[in-house]
Amino acid sequence: MHKFFTLLGVIILLAVSMTATMAQDEIAGWVCPAGYEGQTLRIFSWSTYVAEDTIPNFEESCGVKVEYYEFGSNDELMAVIRSGIARYDLAVPSEANIARLTGEGLLQPLDFSIITNVKNVSEKFLNPPYDPGNVYSVPYQWGTAGIAYDATIVDGEIGSWEDLFNYDGPVAWIDDSRTMLSVALLLLGYDPNSKNPDEIQEAKDYLLAHSDNVDAIASENGQDMLLRGDMDVVVEWSGDLLQIIEDCECDDFVYVIPEEGTNIWVDNMAVPANAENPRLAMEFINYILDPQVGADLSNFTSYGSPNQAAIDAGLIDESALNNPGIYPPEETLQKMYFLLDVGAEADQYYTEVWNDILAALSE
Ligand code: N2P
């Protein structure tokens, strides 16, 4: 009896450890192909958008050096890529910007003979209207624009854009032309993707008329302003706010998806037409789409993962999957809208109008 149980125990232990090793191999499955040693990859992306080991692991696995350059807004990304001054191998624009860059010939087609991990991406995120057939882009992470406030200072609750605009105390907006103007268009009863110059102009007037409490336009660092106590309320990208809420392990900060609805977005990996090392960029894209790498990334950044294989394998933290700020429930999603490509002319108009707003607020 005793021996039988010992033997059974050994067999079970062996089986468990073999399964664990197999799972490890499957999970930690990304291995860099040889031939890149000594090369450099130049990435142009957002801040707080990789896990601590995402870049070091890639560098180590490939024997390469990664230079990670940050931009603060889609507007800035567009200006830099259009200028052609800096040459990046990989950029991470939001969806409408992919359409603009493609239209202007500023991206190059992806090489799916390298990016085989595209098979891990959820079908919901493939073949999007802004890049039919995913010729130029694959999804990186997704999220929403939301509001967070310091509950130790704010009296009562903030639950809507209306509350934000009426709040009596220092507020920061996010530096993103389309996002902020879409909120005003929404509140005015217009299409958040309006191409009508009169409506966009009205949206500008609306924002300016509700800007008395605006103390800063945050270049996607509103969360730091909130943390420092410089602002009571900020508009920011969901994950950036949820990261500080999680780190703080306190009840000081509240994240809100505004009740009127908000912008839901997908950021995408794309290779600029003038990239110096497009092949290494394709390898990096393939690496990011590995289930374990993608899961580590999303677990760290508190953004939504487009990696269905990671979700199916249980690699995304349960706490994230159950957090309505990261994976909003259907009825909340119903009120959200994507920012679509409005075409070159309207796009230019949004940029001009936003620049006018920035100038007026800095007076
Ligand atoms: C991460 C920013 C997310 C980008 N810091 C919003 N599209």
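Quantities reported herein were computed from a predicted structural model and do not represent experimental measurements. Both counts, for ligands and for their atoms, begin at 1 and track the order of listing.
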Exercise. Less than 6.0 Å separating the ring centroids of Phe338 and Trp142?
Worked result: no
Problem set entry | Closest approach of any protein heavy atom to atom 7 (N) of ligand 1, naming residue and atom | Asp267 OD2, 2.9 Å
Seminar exercise, completed: One finds that the ligand 1 atoms under 4.0 Å from a non-hydrogen atom of Ser94 are 7 (N)
For this session: Look at the side chain of Glu76 and the backbone N and O of Asn74, then say whether any donor-acceptor pair between them is shorter than 3.5 Å.
Result: no
Problem set entry | Check: Glu220 N/O within less than 3.5 Å of ligand 1 N/O | yes
For this session: On the 0 to 90° scale, with breaks at 30° and 60°, tag the Trp265-Tyr303 ring pair as parallel, tilted or perpendicular.
Result: tilted
For this session: Answer with yes or no after comparing the ring centroid distance for Tyr167 and Tyr149 against a 6.0 Å cut-off, counting only values under it.
Result: no
Seminar exercise, completed: A student checking ligand 1 against Ser47 at a 4.0 Å heavy-atom cut-off should list atoms 1 (C), 5 (N)
For this session: Answer side chain, backbone, both or neither: which part of Gln141 comes under 4.0 Å from ligand 1, heavy atoms only.
Result: neither
Exercise. Would you say Trp46 has any N or O atom under 3.5 Å from an N or O of ligand 1, going by distance alone?
Worked result: no
For this session: Determine yes or no for a side-chain-to-main-chain donor-acceptor pair under 3.5 angstrom, with Asn117 supplying the side chain and Pro291 the backbone.
Result: no
For this session: Verify whether the ring centers belonging to Tyr206 and Phe165 lie closer than 6.0 Å.
Result: yes
Problem set entry | Atoms in ligand 1 with a heavy atom of Tyr49 nearer than 4.0 Å | 1 (C), 3 (C)
For this session: Below 4.0 angstrom from a heavy atom of Thr48, which ligand 1 atoms are there? Numbered from 1 as shown, please.
Result: 5 (N)
